[in-house]
Amino acid sequence: MREVADGHFEEGPALLIRDDIIALVERALGAAQQAGDIPQFAAPEITVEHPARAEHGDFSANLPLRIQGMARMKAIEVAEALRAHVPEHEAVERVAVAPPGFLNFYLSPAWVATQTAAIIEAGETYASSTLGGGKRVQIEYVSANPTGPIHVGNGRGAAIGSTLARVMAAAGYEVEQEYYVNDAGTQVAIFGRTLYARYQQLFGREVQIPENGYPGEYVADIARAVKERSGDQFLKEPGEEPDPDLGRIGLDVMIEGIRADLAAMGVEYDRWFSERSLMEEGGAYDVVMDLLEQQNYIARREGAVWFTSSDLGESKDNVLIRSDGQPTYYATDIAYHYDKFVVRKFDRVIDIWGADHQGHVSRVKAAVAAVGADPDALEVLLYQLVTLKRGSQVVPLSKRAGEIVTLRDIVDEVGADATRFFFLLTGANQTMDFDLDLAKKQSDENPVYYVQYAHARIASILVKAQDEGYSSDGGDTGLLLHEAEQALLRQLLLLPEVVEKTVLELAAHHLPHYAQDLASAFHAFYTQCRVIQADQPDLTKARLLLLHATQTVLARTLGLMGISAPSSM
RNA sequence: GCGCUCGUAGCUCAGGGGAUAGAGCGCUGCCCUGCGGAGGCAGAGGUCGGAGGUUCGAAUCCUCCCGGGCGCACCA
């Protein structure tokens with residue numbers, strides 16, 4: 001039981017064994033200094049890592065190498081001195097010194113084996129933690145303009161955002177997922193005029209799509225739907241401005257489509273935040289403008305209203321209100337972030353943007369500071385753009401171009417699971433190619449099948465065991481000492497670290513890589529160790545428990561990625 | 001030009017101060033007389049873009065250079 005926040009307690013998972021090892025090193029240092037084996041000095045923060053080679057143990061501390069200077073001793077001697085003072089721990093079988101000065105920890109196979117029970121008990125909460133301490137974090141992602149269907153690049157943001165949301169929730173944050181709907185501004189106006197042009201065309205008028213308009217067929221589709229439902233209700237005299245209601249209806253249709261497309265990929269938001277709502281009388285936009293005025297961050301020149309962001313270290317000032325009286329996207333974005341921090345008081349705000357918005361990051365941070373919030377509480381995660389390909393042929397993504405490959409196309413063709421896994425596999429600041437031909441192939445080249453197959457295989461064995469009357473009741477997990485069993489168990493024990501790392505780095509790609517390693521360890525175990533053996537009832541029970549634990553962790557890992565864990569494929 | 005980012009196996013990518021640099025795909029060769037072969041094992045394949053520097057130790061940090069991507073609007 002650990003305190004989460006405000007005296008609220010919850011059942012805690014087993015502590016990370018890694019943290020226990022760190023504590024052992026720390027205590028060894030204290031004891032060695034106490035005993036005079038190592039001189040007194042303030043030690044740096046202690047870390048341990050998993051050695052690349054199994055012969056170097058399960059955990060390795062490089063502390064001796066790092067403090068050899070301070071101790072004025074050879075690293076190897078520091079290591080020896082520390083080793084002599086490492087306290088006993090049930091999980092640690094032995095501690096060894098290795099040149100040039102590593103302190104290596106070897107876990108007890110028996111201890112590792114018995115962790116199976118703890119994993120099964122934790123079930124779908126395995127690898128949950130209280131790292132976030134109940135802090136309120138908002139994750140805003142995709143937020144593509146509702147003037148067109150969302151495309152491949154948005155899909156990458158969707159996969160990363162919704163996965164981070166799941167993982168941070170597991171790590172003890174109170175997470176709110178949000179989509180910022182740009183339902184105001186010039187692009188929306190252009191969309192409205194485009195829709196009206198399409199609408200007029202349906203009544204035989206010779207009207208061109210406006211310059212900079214949206215040529216996609218989807219606008220004509222909406223126009224047809226409106227005509228079907230409302231006839232010529234929105235038709236005005238030639239040359240007149242379109243009815244704003246028409247634009248609004250069109251936008252609603254688009255937003256509903258976006259919502260459905262994202263839902264098809266397993267992405268659900270807690271809130272869809274309307275940009276237009278900021279502009280209401282006395283809304284955040286008015287408040288922020290007054291605030292900036294009071295803080296002397298406003299300048300009027302060339303007929304426009306400027307934010308003097310260069311006073312805050314920015315390379316230049318930025319326009320808030322254009323000379324035509326329309327606020328810029330930047331101005332409403334300041335109001336939006338004011339709402340996030342000052343009105344709704346999130347502890348952390350994570351914005352996930354495409355890398356083409358990179359220039360916007362410091363501007364928004366400067367604005368956040370100007371309205372009195374902590375700019376460090378805003379974390380902007382940029383993902384590099386996706387190049388869409390058909391084989392070696394690059395497909396243009398632009399909404400304005402002829403061919404529009406939507407996210408929905410991809411999800412329909414390769415499935416939500418493969419789409420998500422594929423997007424998550426590559427680190428966010430790495431550009432990636434999305435090869436439609438390859439993604440469509442549904443072959444074993446797609447690693448999601450490898451992972452899901454492991455889960456299905458386990459389910460199949462468990463069913464068979466049940467059919468044949470085997471049970472894991474009373475099984476002794478201490479029997480799981482085979483090399484392949486131990487390797488698998490060590491993978492299972494890694495998930496809490498992966499979750500922590502994912503949260504600390506805001507790097508979702510660790511999960512699919514871990515999933516593959518875990519599946520690989522399972523498949524190797526499966527090949528070497530038969531589970532159901534009539535002449536070995538005790539071992540059968542123990543291995544059934546191991547299967548339960550593995551299935552639990554696989555399902556958990558897939559679940560954190562928003563990917564299904566099928567029982568059959 | 002300035003800023004951000006990337007350059008690691010034939011291809012797609014991990015690793016981002018630690019020990020002999022990893023995985024998948026592809027390639028070569030093995031493994032189904034028992035639980036799902038969408039599987040397993042082994043092998044070939046690398047001057048970690050280049051050059052300096054910091055460090056006990058650099059693919060990792062710093063500087064410069066080369067080469068890609070993206071920004072640098074009264075667009076969003």
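Below, chain A is the first sequence line, B the second, and so on; all start at residue 1. Source: prediction; values computed, not measured.
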Hey, does [X] reach any base, or is it just sugar-phosphate, or nothing, if we go heavy atoms under 4.0 Å?
X         : result
Glu302(A) : base
Ser460(A) : base
Gly427(A) : sugar-phosphate
Tyr330(A) : nothing
Ala304(A) : base
Glu314(A) : nothing
Asp333(A) : nothing
Ser323(A) : base
Gln68(A)  : base

>> Hydrogens and angles aside, do Tyr106(A) and Glu55(A) bring a side-chain donor and acceptor to less than 3.5 Å of each other?
In response: no
>> With a 6.0 Å cut-off on the ring centroids, do Phe434(A) and Phe423(A) count as close?
In response: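 When the ring centroids of Phe434(A) and Phe423(A) are compared, they turn out to be within the sub-6.0 Å range.
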>> Using whole Å, what does the distance between atom P of nucleotide rG15(B) and atom NE2 of His50(A) come to?
In response: 15 Å
> Checking Asp351(A) side chain against Glu140(A) main chain: does a donor-acceptor pair fall under 3.5 Å?
Replying inline: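 Flag not set: sc Asp351(A) to bb Glu140(A) has no pair under 3.5 Å.
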> If you count the non-hydrogen atoms of other residues, nucleotides and ligands that lie under 6.0 Å from CD in Glu45(A), is the total more than 12?
Replying inline: no
